[in-house]
Amino acid sequence: MFCLSLLEHNLPVPPHLLNRPLVDAIKGELERLFLDKVISNLGLCISVYDIRSIDGGFIVPGDGSATYKVVFRLVVFQPFIGEILSGKIERSDANGLHVSLGFFSDIFIPAHLIVQPSELGADDIWVWKYDGSELPLDLNEEIHFQVTSIKYPSIPVEQDENAKPFSPMQIVGSINGDGLGLLSWWAD
């Protein structure tokens, strides 16, 4: 789920930060640039783990920033296909379930990947019909799901006013399997 990724970046450090210790100024700029952002085909950047090397310090004519070649490691949220994750159901509709991990909310479980036989009940809540009983998938309930795909869509050139906000990383999951679904289903 989390991994360390080694990156190299040519980082301009603005002049107003050059009075600070170099490592602190560079770490602050790396955090400003990368934290809470998605790097395509890598994942969501959580934290700057360490700085491996700093080279350079060249000043480009006409710009007061010193540019350094920085090699560093980031802690990245990078789930793999088949991984089991725990989250909470944020909302439910005819298309499926929308799940949140707390720090990441672009997770969708389509209707055909919800445990079967299920149907959409009252108030847009999915209900699993199991052995003569009805088990609802209520909002804010903790759920185990399996990652089936991870998408990194390209940034749209134009977006309608009414469109949902762009999501740079989307996870599709499934709860159609043993041990998946609400934690309360599998207690005892």
Should [X] and [Y] be regarded as members of a common hydrophobic cluster, given that ILVMFWY residues are connected when their side-chain heavy atoms come within less than 4.5 Å of each other, either directly or indirectly?
X: Leu18; Y: Val23; result: yes
X: Leu33; Y: Ile54; result: yes
X: Ile84; Y: Met1; result: yes
X: Ile175; Y: Val127; result: no
X: Leu11; Y: Ile59; result: no

Which heavy atom in [X] sits nearest to a heavy atom in [Y], and how many Å separate them?
X: Pro12; Y: Ser65; answer: CB-CB, 4.0 Å
X: Pro79; Y: Leu85; answer: CB-CD1, 4.2 Å
X: Val13; Y: Ala25; answer: CG1-CB, 4.2 Å

Does atom [atom1] ([X]) have a neighbourhood of more than 12 heavy atoms from anything else shown, all under 6.0 Å?
X: Asp178; atom1: CG; answer: no
X: Asp123; atom1: CG; answer: no
X: Lys88; atom1: NZ; answer: no

Out of curiosity, [X] [atom1] to [Y] [atom2], how far, rounded to the nearest 0.5 Å?
X: Lys27; Y: Ser47; atom1: NZ; atom2: OG; answer: 6.5 Å
X: Ile51; Y: Ser53; atom1: CD1; atom2: OG; answer: 9.5 Å
X: Leu113; Y: Phe108; atom1: CG; atom2: CZ; answer: 9.0 Å
X: Met169; Y: Lys37; atom1: CE; atom2: NZ; answer: 15.0 Å

Original post:
Side chains of Pro136 and Trp126: does their closest heavy-atom pair fall under 4.5 Å?
Top reply: no
Original post:
Between Ile114 and Asn176, is any pair of side-chain heavy atoms under 4.5 Å apart?
Top reply: no
Subject >> Partners meeting salt bridge (charged side-chain N to carboxylate O under 4.0 Å, His left out) with Lys129 (sequence neighbours left out) >> reply: Glu119, Glu134
Original post:
Can you name the residues that form a side chain to side chain donor-acceptor pair (under 3.5 Å) with Ser100, not counting sequence neighbours?
Top reply: Ser105
Subject >> For Ser167, all residues meeting side chain to side chain donor-acceptor pair (under 3.5 Å), sequence neighbours excluded >> reply: Asp106
Only distances under 3.5 Å count here; give the side-chain donor-acceptor pairs of residues 140-156 to other protein atoms, sequence neighbours excluded, each with its distance to 0.1 Å.
from	atom 1	to	atom 2	distance (Å)
His144	NE2	Ser86	OG	2.8
Gln146	NE2	Gly82	O	3.2
Thr148	OG1	Val172	O	2.9

Sequence neighbours excluded, which residues qualify as side chain to side chain contact (heavy atoms under 4.5 Å, CB included) partners of [X]?
X: Leu42; answer: Ser5, Leu7, Ile39, Val76, Gln78
X: Phe103; answer: Phe2, Leu44, Ile46, Phe77, Leu101
X: Asp36; answer: none

Donor-acceptor pairs are to be reported for all side-chain atoms of residues 67-75 against protein atoms at under 3.5 Å, with residues two or more places apart or in another chain.
from	atom 1	to	atom 2	distance (Å)
Arg73	NE	Asp50	OD1	3.0
Arg73	NE	Asp50	OD2	3.4
Arg73	NH2	Asp50	OD2	2.8

Please report, to 0.1 Å, the donor-acceptor pairs under 3.5 Å made by any side chain of residues 89-99, with sequence neighbours excluded.
from	atom 1	to	atom 2	distance (Å)
Ser92	OG	Asp124	O	2.7
Asp93	OD1	Asn95	N	2.9
Asp93	OD1	Gly96	N	3.2
Asp93	OD2	His98	NE2	3.3

Subject >> Where at least one partner belongs to residues 5-32, residue pairs that pass ring-ring contact (aromatic ring centres under 6.0 Å, His included), sequence neighbours excluded >> reply: His9-Phe34
